[in-house]
Number of protein chains: 2
Amino acid sequence: MKSPLEKARKNPESMKARILAVARRIFGEYGFHGTTTRMIAKEVGIDISTLHYHWGDKNDLYEAVVMDVNNDLGRELLKVEKIVHGSSLEERLNVSIDKMMDYLFDHPEISNLVLLRYFSKTRNEIDVDFKVPEFSGDIARAMGLAKDAKNPSPRSMMKVLSIMNSMHSFVSGENFFRPMLKLDRKNYIRAVKETLKFLLIPAFVLQEGKTKKGGDSPEAPLAKEKKKARPAKTAE
Amino acid sequence: MKSPLEKARKNPESMKARILAVARRIFGEYGFHGTTTRMIAKEVGIDISTLHYHWGDKNDLYEAVVMDVNNDLGRELLKVEKIVHGSSLEERLNVSIDKMMDYLFDHPEISNLVLLRYFSKTRNEIDVDFKVPEFSGDIARAMGLAKDAKNPSPRSMMKVLSIMNSMHSFVSGENFFRPMLKLDRKNYIRAVKETLKFLLIPAFVLQEGKTKKGGDSPEAPLAKEKKKARPAKTAE
DNA sequence: TTGTGACTCCATCATTTGATTGAATACTAC
DNA sequence: GTAGTATTCAATCAAATGATGGAGTCACAA
């Protein structure tokens, strides 16, 4: 049986999918409390009751958005890992940064939603599994930081978190940072990639030289795409 | 003539100061739209009308909070810069990371508010100057990345931004990351410092060796503590 | 054609939330 | 003490917001 999310993804023209897409963007921009169902409905061009008809209440919609974003991010990580599989550590970092930044800059609401989830509370406790632990473990292993993705050391996790945080920060902060730097979008993206490489590559490459013989083992896919997203409440 | 903010700071026992302190924390946790004036008033133990009496409307209070945080952050940056003044680049980074992280972990609402401001919009356009450009320029110069704090290159700014973002991310994300890493607070803080040093020091030290003779010139104070915070509306 | 189900919107509600008023109380200067 | 100011709160308002009921519309199968 299909979850509502899958159905919505299947047909991007469906009302349900259109609502989800707009909700992603607006929740990402304004956060949960900063977003009203009326804002979303108006943007889609429908009445709020139509929105509720398709997605239930505001919480349900938000959860669907979060899970949708999770799925996309997981898929992309998997894709990137396949591309860099087998390369040297430096090359893996180089290519991963390029690919991930291109992807995130194309879908900035992903970074927005991830960071808002990290940093901000909601009054009514919404509990959506953001899959950070899984992702982090997989990335850590793919980077050669941990042998076992299921049991990464806190140290490896921290490194992965700082990589992901740095990436998301520059994407989400574009509206704030770019005017300040007086760069156009293209040059901003270039500068971000350059800065991330400047920061990350020396640290990881140096460490590899210091502590290792040849043990960065980049095997196995990055994200396992386990357990499907919990279906959002189906309207009936 | 004193601004309300200064008055509030002067006497931390005053109602005005107590409200401001609570507002800082709650706005930091829940963001602007996630915070209600009633939440703040309740936490202080007063009626909302008392809150409005002292600080005007919600926007005014939020602006006061933002400026208060700015002042504190500027003061601390200045302090840290004085401490590390004259040391080697590696030592400057080491000590700065230690000091700044201790400070931010003691005042996590600062990181929360800074990041929320970067990443999230508010429905009604609140425009508070967050002084990021100034700070960044001063930090860049203090780090030896730019000769002139008033005209840092975009490249230097980007580096400073990534440093600040990484710091703030780990502070604001504590509630999310720490349970995931299964670390107690003390060890989390230690791990954050270690990770930041792992990432930042190789990059900057390597670069210095590569491009420079001896030109990291750490002179002049870090933050200039210019123009006072614009006074929040005085209730009368 | 009629019936059914999916979909959409209009009208409307209840609650939350920002904000104000005016009466009480505390404090200060004289 | 008293006048006058500063502070506080209970009561209340208006707008925003989440949510629902029910009527109307449409496509399509029987």
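Please read all numbers here as calculations on a predicted model, not as lab measurements. All values below come from the heavy atoms of this structure, side chains included, with hydrogens, waters and symmetry mates left out. Below, chains carry the letters A, B, ... as their sequence lines are ordered, and counting in each starts from 1.
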- request: Please determine if D102(A) and K99(A) form a salt bridge, counting it only when a charged side-chain N lies under 4.0 Å from a carboxylate O.
  value: no
Identify all pairs in which a protein N or O lies below 3.5 Å from an N or O of nucleotides 6-8 of chain C, and state each distance.
from	atom 1	to	atom 2	distance (Å)
dC7(C)	OP2	Y53(A)	OH	3.4
dT8(C)	OP2	H54(A)	NE2	2.6

Atom CZ of F32(A) and atom P of dT17(D) are separated, to the nearest Å, by 13 Å
When rounded to whole Å, the CG to P distance for the pair L51(A) and dT20(D) reads 12 Å
Hits for side-chain contact (heavy atoms from CB on, under 4.5 Å) against P108(A), two or more places apart or cross-chain, chain-then-number order -> V171(A)
Here the side chain to side chain donor-acceptor pair (under 3.5 Å) pairs for residues 168-182 of chain A, sequence neighbours left out, are S111(A)-H168(A), N112(A)-S172(A), E174(A)-R178(A), E174(A)-R185(A)
H52(B) atom NE2 is separated from dA14(D) atom C1', nearest whole Å, by 14 Å
Separation of dA16(D) atom C1' from I40(A) atom CD1, nearest Å, is 15 Å
Would you confirm whether Y188(A), through its side chain, and F170(A), through its main-chain N or O, come within 3.5 Å as a donor-acceptor pair? yes
Sorted by chain and number, sequence neighbours left out, salt bridge (charged side-chain N to carboxylate O under 4.0 Å, His left out) with D47(A) holds for none
By side-chain contact (heavy atoms from CB on, under 4.5 Å), E43(A) pairs with (sequence neighbours left out) V22(A), R25(A), I26(A)
L61(B) atom CG is separated from dA19(C) atom C1', nearest whole Å, by 14 Å
Validation row, ring centre Y118(A) to ring centre F177(B) under 6.0 Å: yes
Rounded to whole Å, NZ of K42(A) lies from P of dC9(C) at a distance of 15 Å
Polar atom pairs between nucleotides 12-17 of chain C and protein, under 3.5 Å, N or O only, would you list them?
from	atom 1	to	atom 2	distance (Å)
dT17(C)	OP1	R123(A)	NH2	2.2

Is a side-chain donor or acceptor of R24(A) paired with a backbone partner of E109(A) at a separation under 3.5 angstrom? no
From CH2 of W55(B) across to P of dA19(C) the rounded distance in Å is 15 Å
